[in-house]
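On a predicted model such as this, the values are computed, not experimentally measured, just so you know.
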Amino acid sequence: MNTNRRKSRELALQSLYACEIGNVDDYKPVIGSVAEETAQGHAVSDYARKLVEKVMNAKKEIDSLLIKHAANWDIKRMTVIDRNILRLAIGELLFFKETPFKVVIDEAVEIAKIYGTDESGKFVNGILDSIHKECSTAQL
């Protein structure tokens, strides 16, 4: 496991969470503030910035894909953490093709186990697995 990438994903999650809770659309100062508070290095904050930027700029597209694969789940009823872990993973799948799908899923599940509820890991895995199955037969 690349620990810098894990830290980047966690920093990105914290930033997306802060943006949603604070109802903030301008993510740039938020991610800067979170990176500063957590004393993350340049490599960590750089990848996190790229992740957050892609997710925020494609939020409607990502949410559409999330809604499609979250059978019987209203996106607003998901916990803020689960919703943003899924957005982050979907964004990484869409825009960071160099990262293998299995790595994205594994990382999202592990982060969900750390920051989410007892059921978050299974929930995140189920939705991302559904997206993976669709990707095996067609491109996103």
By side chain to side chain contact (heavy atoms under 4.5 Å, CB included), S130 pairs with (sequence neighbours left out) H69
message = Set out, in order, the CA-CA distance, both residues' side-chain angles and the distance that settles side-chain contact (heavy atoms from CB on, under 4.5 Å) for L128 and I90, then state yes or no.
response = CA-CA 8 Å; L128 293 177; I90 293 167; 4.2 Å; yes
Rounded to the nearest 0.5 Å, the CG atom of L13 sits from the CG atom of L51 at a distance of 11.0 Å
Hits for side chain to side chain donor-acceptor pair (under 3.5 Å) against E20, two or more places apart or cross-chain, chain-then-number order -> R83, N84, R87
d(Q14 CD, I81 CD1) to nearest 0.5 Å is 8.5 Å
Let me see the working for E92 and R9 under salt bridge (Lys or Arg N to Asp or Glu O under 4.0 Å), right down to the final yes or no.
-> CA-CA 10 Å; E92 195 164 11; R9 290 178 183 102; 2.8 Å; yes
task = Compare all side-chain heavy atoms of S64 with those of I67 and state whether any distance is below 4.5 angstrom.
result = no
V55 and I62 have their tightest heavy-atom pair at CA-CD1, 3.8 Å
Sequence neighbours excluded, the answer for salt bridge (Lys or Arg N to Asp or Glu O under 4.0 Å) partners of K60 is none
Closest non-hydrogen contact found for M78 with I127 is CE-CD1, 4.3 Å
Is the ring centre of Y47 less than 6.0 Å from the ring centre of F96? yes
Across all chains, not counting sequence neighbours, the salt bridge (Lys or Arg N to Asp or Glu O under 4.0 Å) partners of K59 are none
Distance col, row I111:CD1 vs L88:CG, nearest 0.5 angstrom, shows 6.5 Å
Does V103 belong to the same Ile/Leu/Val/Met/Phe/Trp/Tyr cluster as V124, with side-chain heavy atoms less than 4.5 Å apart forming each link?
no
K102 side chain near H132 side chain, heavy-atom distance below 4.5 Å: no
One should read off an interatomic distance between T99 OG1 and R5 CZ, to the nearest 0.5 angstrom, of 5.0 Å
Residues A89 and V104: closest non-hydrogen pair is O-CG1, 3.5 Å
Output for pair (F101 CZ, D106 CG), nearest 0.5 Å, gives 11.0 Å
Applying salt bridge (Lys or Arg N to Asp or Glu O under 4.0 Å) to K113 and not counting sequence neighbours gives E110
Distance col, row L86:CG vs L93:CG, nearest 0.5 angstrom, shows 10.5 Å
When every non-hydrogen atom of V52 is compared with those of L16, the smallest separation belongs to CG1-CD2, 4.1 Å
Heavy atoms of A108 and I85 approach each other most closely as O-CG2, 3.7 Å
message: Salt bridge or not between R6 and E107? Use side-chain N to carboxylate O under 4.0 Å.
response: yes
Side chain to side chain donor-acceptor pair (under 3.5 Å) pairs touching residues 71-81, sequence neighbours excluded, are T79-D82
